[in-house]
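Structure record follows, encoded as structure tokens.
Quick note on labels: first sequence line is chain A, next is B, and so on, each numbered from 1.
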There are 2 protein chains.
Amino acid sequence: MPATNRLAALASPSQAGKTRGGEANVERILDAALAVFAVDGFAGARIDAIAERAGLSKPNLLYYFRTKADLYLAVLRRTLDMWLVPLAEMDTQSDPVAALTGYVTRKLEYARDYPEASRLFAMEVMRGAPILNAVLENDLKRLVASRSALLTRWMEAGHLPRRDPVHLLFMIWATTQHYADFSTQVQALTGRTLEDPAFFAEARRTVLLAVLGRA
Amino acid sequence: MPATNRLAALASPSQAGKTRGGEANVERILDAALAVFAVDGFAGARIDAIAERAGLSKPNLLYYFRTKADLYLAVLRRTLDMWLVPLAEMDTQSDPVAALTGYVTRKLEYARDYPEASRLFAMEVMRGAPILNAVLENDLKRLVASRSALLTRWMEAGHLPRRDPVHLLFMIWATTQHYADFSTQVQALTGRTLEDPAFFAEARRTVLLAVLGRA
DNA sequence: CCAGGAATTGACCACCTGGTCAGAAATCGT
DNA sequence: ACGATTTCTGACCAGGTGGTCAATTCCTGG
């Protein structure tokens, strides 16, 4: 996974030479950190809060991750693949409509099942992506370029309405992630969530209608 | 403006009884605060940084806004109308296509001209909207309900493709704000901004095609 | 069973940051 | 001109937070 490798190269991994059962702790820490970072952001997150949520003492957490930044980086790294993989796999299905339908569905499932990861990613990008910038400008950029070419071919073959493929991707990302990142607003306005299958279907239908030009 | 009033009722305004020329300072402070809050979030924002950006000393800033929370609230309040007004004015144009075209265009202009305000709003909602919740569940909810009815009427009259109007609004919001909130990503992937008229037109065209079902 | 490394902890510290305060400038009404 | 009020400032403080450290407990391999 190139993205992971690139990100790994950005900073030295802080958790070295662990051999014993502490790996379970690392997982718990990362889960807790994701939950806290996704709500309070990097600056607002208290490392005590993360430790408590993970069931550890603060110094014990610092034993696994030397600094808050290391922990943040690790969480980001674990999250990133979830973001990239669906797009990378979009071409495996040869039928354009099926491929896009599958992609949109996976993005919505992602928004439903990992809203915290989506929020973390959003916050990082909104901060100016100080950490992810390198990944964006390389791996993601290449990936988008190749997918754009694919989409353009599909459009020219008449399977999709013509438009700029990159903007189309933006629209898919923005809308699907909206349900995760702005779930508070969605909840306030509709009282529902993607967990509700009917609501999920409505959202999916709306996006697909927009992308494919038909239901 | 009901939204402003509601927000004002949420907390006591901190800047009282100013009569002299300090009003200009208040403006400068609000501008600076918006810039800083939009990048670093509430927790990450340093009040020193805001003061410096506004060209004041920290205690002097605190003279105008007693606490950081007061300042945050004031910035949020000033921002909110920009968000609500376009939607509220959507029906003034009787032609459905023109009305939606105008709305999308205004939202994109807003994303282009006030990206920081958009980001601030996004961050607040992503935090769980601890302050804006009341506004969302009342003013915005009512507004959305009325606009949904309008959209539904238009769909039934055959002016628009049929779909859930609330999801349609979500899609418009998500996509237009994406260009402001994720401008780092947009920039990294395309090297362009909404400031570029051609790019603006592409974005606009993509959204309109999705919303109206035709260009 | 024991030695040695891994895991864990309480106590601690340096530093940052929001906020205070007494008083100095600046400004205004009269 | 002058008192009163607003505006502004340097110095300061209390609380919180990231991170350290010596010391203890827990495992595990031999």
Side-chain angles (χ1 to χ4, degrees), chain A residues 11-76 123 127 130-131, chain B residues 11-76 123 127 130-131:
Chain A
S12 60
S14 52
Q15 22 155 337
K18 304 286 148 35
T19 44
R20 280 243 257 299
E23 330 245 319
N25 275 346
V26 170
E27 282 305 308
R28 286 226 310 281
I29 292 175
L30 288 174
D31 289 341
L34 173 60
V36 174
F37 279 134
V39 172
D40 298 332
F42 178 78
R46 317 271 150 93
I47 173 170
D48 313 47
I50 298 174
E52 188 182 5
R53 201 184 182 102
L56 280 74
S57 67
K58 181 175 69 166
N60 197 14
L61 184 150
L62 269 315
Y63 171 76
Y64 290 97
F65 297 90
R66 259 190 271 277
T67 83
K68 190 183 179 183
D70 281 345
L71 177 55
Y72 181 73
L73 187 62
V75 177
L76 218 50
M123 285 188 145
R127 278 209 307 168
I131 293 178
Chain B
S12 60
S14 51
Q15 24 155 335
K18 303 287 149 35
T19 44
R20 281 242 256 302
E23 331 244 320
N25 276 346
V26 170
E27 282 306 309
R28 287 227 309 282
I29 293 175
L30 288 174
D31 289 341
L34 173 59
V36 174
F37 279 134
V39 171
D40 299 333
F42 177 79
R46 316 272 148 96
I47 169 172
D48 313 47
I50 298 174
E52 188 183 6
R53 199 183 185 104
L56 279 74
S57 68
K58 183 175 69 167
N60 197 13
L61 184 151
L62 270 314
Y63 169 75
Y64 290 98
F65 298 91
R66 257 191 273 278
T67 82
K68 189 182 178 182
D70 281 344
L71 177 55
Y72 182 73
L73 187 62
V75 177
L76 218 50
M123 284 188 145
R127 277 209 310 170
I131 292 177

Next on the checklist: Counting the atoms with a prime plus P, OP1 and OP2 as sugar-phosphate, which does B/Ala45 contact under 4.0 Å by heavy atoms, base, sugar-phosphate, or nothing?
Outcome noted: sugar-phosphate

Checklist outcome for this item: note: A/Glu23, atom CD; D/dC27, atom P; distance rounded to Å ~ 16 Å

Next on the checklist: Rounded to whole Å, please give me the gap between NZ in B/Lys68 and P in C/dT20.
Outcome noted: 14 Å

Item to check | A/Asn25 vs A/Arg28 side-chain heavy atoms within contact, under 4.5 Å | outcome: yes

Checklist entry - Hey, which of these two, A/Leu62 or A/Arg46, hits DNA chain D nearer its 5' end, going by closest nucleotide? => result A/Arg46

Checklist entry - Just wondering, do A/Leu71 and A/Phe37 contact through their side chains at under 4.5 Å, heavy atoms? => result yes

Checklist entry - Run the side chain to side chain contact (heavy atoms under 4.5 Å, CB included) check on B/Leu56 and B/Tyr64 step by step: do they pass? => result CA-CA 11 Å; B/Leu56 279 74; B/Tyr64 290 98; 4.1 Å; yes

Item to check | Interatomic distance, A/Leu71 CG vs D/dT17 P [rounded to whole Å] | outcome: 16 Å

Atom pairs, N/O to N/O, protein against nucleotides 8-11 of chain D, distance under 3.5 Å?
residue, atom, partner, partner atom, Å
D/dC8, OP1, B/Asn25, ND2, 3.4
D/dC8, OP2, B/Asn25, ND2, 3.0
D/dC8, OP2, B/Asn60, ND2, 3.4
D/dC8, OP2, B/Tyr64, OH, 2.5
D/dC8, O5', B/Asn60, ND2, 3.0
D/dT9, OP2, B/Ser57, OG, 3.0

Checklist entry - If you round to the nearest 0.5 Å, how far is CG of A/Leu62 from CD1 of A/Ile47? => result 4.0 Å

Checklist entry - When the distance from CG of B/Asp70 to P of C/dG18 is rounded to whole Å, what number comes out? => result 14 Å

Checklist entry - What's the CZ-C1' distance between B/Phe65 and C/dT17, to the nearest Å? => result 19 Å

Item to check | Rounded distance in Å - CG (B/Asp48) to P (C/dT17) | outcome: 7 Å

Item to check | Nearest-angstrom distance from the residue atom CD1 of B/Ile47 to P of D/dG15 | outcome: 19 Å

Checklist entry - Relative to each other, are the rings of A/Tyr72 and A/Phe42 parallel, tilted or perpendicular (30° and 60° limits)? => result perpendicular

Checklist outcome for this item: On a heavy-atom basis, the closest approach of A/Leu30 and A/Ala74 is CD2-CB, 3.8 Å

